[in-house]
Each structure stands twice: as structure tokens, then as C-alpha cells.
Undergrad: 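This is the structure, below, for whatever I ask next.
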Amino acid sequence: MGSSSPPSTPFCLHYFDMLYSEDVAWAAKGMGETSQSGVPGGRGEVKKEPEQCPIIDSQGLGLGGDGELQGELPLEEHSLEQMQSMVVGEVLKDIETACKLLNIAADPADWSPGNVQKWILWTEHQYRLPQLGKSFQELSGKELCAMSEEQFCQRSPVCGDVLHAHLDIWRSAAWMKEKAAPGDVRYCGSDSGWADSEVDSSCAGQPIHLWQFLKELLLKPHNYGRFIRWLNKEKGGWALLGSGEGSVGGSPQTSHPHSPHIGIFKIEDSAQVARLWGIRKNRPAMNYDKLSRSIRQYYKKGIIRKPDISQRLVYQFVHPL
DNA sequence: CAACAGGATTAGT
DNA sequence: ACTAATCCTGTTG
């Protein structure tokens with residue numbers, strides 16, 4: 001109650017204009033490696049990487065069901081509006097995804113200092129921002145929201161402005177969500193109710209398990225496919241796993257009537273997956289060595305195993321639930 | 001060298 | 001009690 005939060009942010013379109021040009025497009029471009037080498041002065045110019053976007057196509061960019069703006073439409077004014085609302089939808093979905101992954105509220109005003117830290121770490125990670133250190137420690141969400149862009153830059157001269165813009169987007173999204181509940185509207189099933197029903201996989205604040213976390217990442221190839229992905233598609237890849245030659249290993253042991261090649265996933269970027277896990281669990285020292293040890297504990301529990309044809313960074317869920 | 005396998009111990013719930 | 005974090009020794013491709 002009393003939360004007379006000043007809706008100072010009217011959710012103008014400039015934000016999403018900016019967001020689209022800088023964040024979404026940038027992030028969607030696969031954002032190559034370019035660690036932090038490409039973030040010198042901040043937002044002067046968005047350097048357009050010549051890379052094509054390999055993964056965003058899955059289902060992210062429009063063509064959700066009506067628009068065939070695959071690239072031949074001349075982008076009329078109407079299309080522009082459509083484009084904008086589409087981008088807004090994508091941003092809202094990404095925020096929802098991040099909320100579940102980090103286990104934090106959607107509204108920044110509800111964040112604890114720990115939540116703030118998580119959000120900052122995640123934003124750094126997601127958008128390849130330079131490390132902020134602990135310049136925003138001990139700040140609650142409300143305090144964070146009360147800070148001006150100047151204050152952000154004061155704490156982080158390098159990317160305070162970008163961070164502030166990201167926070168503005170989250171606040172705007174939360175503001176929209178609140179506004180979108182005028183009367184009843186019990187989250188009409190249209191939009192995958194993004195209410196705080198907590199993560200489906202972890203009930204009642206029970207600490208999340210590593211295998212659940214991995215499945216959550218795997219559920220969002222749009223967001224995390226660069227780090228971890230299913231390896232089941234396209235049976236083409238499986239044939240030439242032996243790299244050609246017969247390689248008479250000796251025991252063919254092609255038995256295993258059950259347990260086909262389903263539920264197999266590959267960790268493409270072990271360091272990043274470990275980092276996300278560390279953010280989620282508030283374990284800054286997490287690394288793949290330790291994460292993989294936890295995965296190995298699943299062997300005897302029958303949750304995860306190594307596939308029949310063992311490969312580096314490839315594991316398999318025993319229960320394809 | 002990085003991934004892999006697992007034993008032992010500690011930490012957090 | 002259980003899961004996971006940490007740490008470690010040793011193996012493997």
C-alpha cells in the first residue's frame with residue numbers, strides 16, 4: 001500500500017526505440033565474443049557487427065503467426081507500429097525469463113539488495129558489460145530506482161548509463177503490468193501469465209536443483225542457446241560422430257535397447273553456464289569444475305548420465321520428462 | 001590443457 | 001538428511 005511509486009516513467013517509445021537499436025538488436029546479433037573490448041566510451045555509436053544472427057530466428061522475431069515481414073515488406077508506417085509492439089513483447093518475455101532464472105520479482109522496487117546484485121550480475125553477463133565490481137552493493141531496489149542516471153554514472157562511469165537504461169526498461173515493464181490490471185483480468189491465458197507464480201519447476205521456494213536449472217536454460221534457446229542447447233535435432237550430426245574410421249574400439253556394445261539419444265544436451269560455453277548458475281545460487285566462485293562435479297553426483301542418482309557415445313561437455317537426462 | 005571421474009570434507013536448508 | 005560447494009588426486013583425449 002502506500003506504494004505511491006511515482007510513475008515518472010511514462011513508458012515512452014523512445015525507450016524501446018533505443019532498446020531495440022542498442023539492446024535487442026545488439027544482443028540478437030549473437031553479440032560475438034567481443035568481450036568488453038568493444039565497449040569503450042559507452043553509447044556513442046552502436047558498432048554493427050557483420051555477424052549474422054544464428055539463433056534468434058527460432059521463434060523470436062515476429063512471424064509469430066500473422067506477420068510475414070520476413071524481409072520483403074517495405075516497412076510501412078503500420079509495420080513500424082507492429083514492429084514496435086512486437087519488440088515490446090519480446091522485451092517483456094525476456095524480462096519474464098530473467099525473473100524466473102534469477103528468482104527475483106519483476107518489479108525492481110521489490111528487490112532486496114541481494115536481488116539487485118543478481119540483476120546487475122545478470123545484466124552484465126547478458127549484455128557483455130564491463131565488470132562493475134561492487135559499486136552497487138547494499139542497495140535495495142527502491143533505492144536503486146530512486147537514483148538518477150547521473151548517480152548511476154557516478155558509481156559506474158563506464159556503463160552506468162546503460163545500466164540505468166536497462167533499469168528504466170524493467171521499471172516501465174513493471175509499471176505496464178500494474179496498469180494492465182485495471183479491473184479483474186485474472187491474467188488471461190493469452191500471455192503466459194507472468195504473475196509471480198514462482199518458477200513452476202521449484203515449488204514453494206525450495207532451493208532449485210542444478211538439473212532443474214539446466215532444463216530451464218534449455219527451455220529458452222532464444223536466450224541461452226549460445227551457452228547450452230539440446231543435441232537431439234537433426235539426426236545428421238550423429239552419424240559422423242566417430243569421425244569417420246571404424247575405430248575398432250573392441251567392444252561394440254551397441255546394446256542398450258532403451259535409452260535412445262533423447263534428452264541429450266551439450267554445454268557450449270561451460271564458463272558462462274557456470275556463471276549463470278553462480279548468479280542464481282549466489283556463489284560468485286562457481287566454475288565449471290565445481291558445476292560438473294555436481295552433475296556427476298547425478299550419475300548414481302539416475303538423473304543425468306553420460307550418453308552412450310561420450311563426448312566432451314555432452315550429457316543426457318535419464319528421464320526425458 | 002580442459003574435461004572427466006570420484007573421494008573427502010564443509011556449508012547451507 | 002540431502003544437495004550442493006569446495007577441494008583434491010588422478011586419468012584421458
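The sequence lines fix the lettering, A, B, ..., with proteins before strands; numbering per chain opens at 1. What you see is a predicted model; the values in this text were computed from it and never measured.
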Undergrad: Spell out protein contact along nucleotides 1-7 of chain C as letters: B when the base is contacted, S when just the sugar-phosphate is, - when no protein heavy atom is under 4.0 Å; keep the 5' to 3' order.
TA: --SSSBB

Undergrad: Is the ring centre of A:W175 less than 6.0 Å from the ring centre of A:W170?
TA: no

Undergrad: Which sits closer to the 5' end of DNA chain B, A:S270 or A:R296, going by the nucleotide each is nearest to?
TA: A:S270

Undergrad: To the nearest Å, how far apart are A:K266 NZ and B:dA3 P?
TA: 11 Å

Undergrad: Within the 4.0 Å heavy-atom criterion, would you say A:F213 contacts the bases, only the backbone, or no part of the nucleic acid?
TA: nothing

Undergrad: Listed by chain and number, what are the side chain to side chain donor-acceptor pair (under 3.5 Å) partners of A:R312, not counting sequence neighbours?
TA: none

Undergrad: Pick from A:W277, A:Y224, A:F227: which one makes a ring-ring contact (aromatic ring centres under 6.0 Å, His included) with A:F213?
TA: A:W277

Undergrad: Please state how far atom CG in A:N282 lies from atom C1' in B:dT13, giving the value in whole angstrom units.
TA: 14 Å

Undergrad: Can you find a side chain N or O atom of A:Y299 that sits less than 4.0 Å from OP1 or OP2 on B:dA5?
TA: yes

Undergrad: Can you measure A:K306 atom NZ to B:dC4 atom C1' for me and round it to whole angstrom units?
TA: 7 Å

Undergrad: With no hydrogens and no angle check, do the side chains of A:N115 and A:S112 hold a donor and an acceptor under 3.5 Å apart?
TA: yes

Undergrad: Would you say A:E143 and A:S140 are linked by a side-chain donor-acceptor pair, where the criterion is simply a distance under 3.5 Å?
TA: yes

Undergrad: Taking the nucleotide of DNA chain B with the nearest heavy atom to each, does A:S292 or A:K300 sit closer to the 5' end?
TA: A:S292

Undergrad: Find out whether the Lys NZ or Arg CZ of A:K306 is both under 6.0 angstrom from the six-membered ring centre of A:Y299 and within 45° of the ring's axis.
TA: no

Undergrad: Inspect the contact between A:E96 and A:K93 and indicate whether a charged nitrogen and a carboxylate oxygen are less than 4.0 angstrom apart.
TA: no

Undergrad: Atom OH of A:Y288 and atom C1' of B:dA5: how far apart are they, to the nearest Å?
TA: 12 Å

Undergrad: Identify all pairs in which a protein N or O lies below 3.5 Å from an N or O of nucleotides 11-13 of chain C, and state each distance.
TA:
none

Undergrad: Using a 3.5 Å distance criterion without hydrogens, assess whether the side chain of A:Q212 forms a donor-acceptor pair with backbone atoms of A:H209.
TA: yes

Undergrad: State yes or no: are the ring centers of A:F136 and A:F152 separated by less than 6.0 Å?
TA: yes

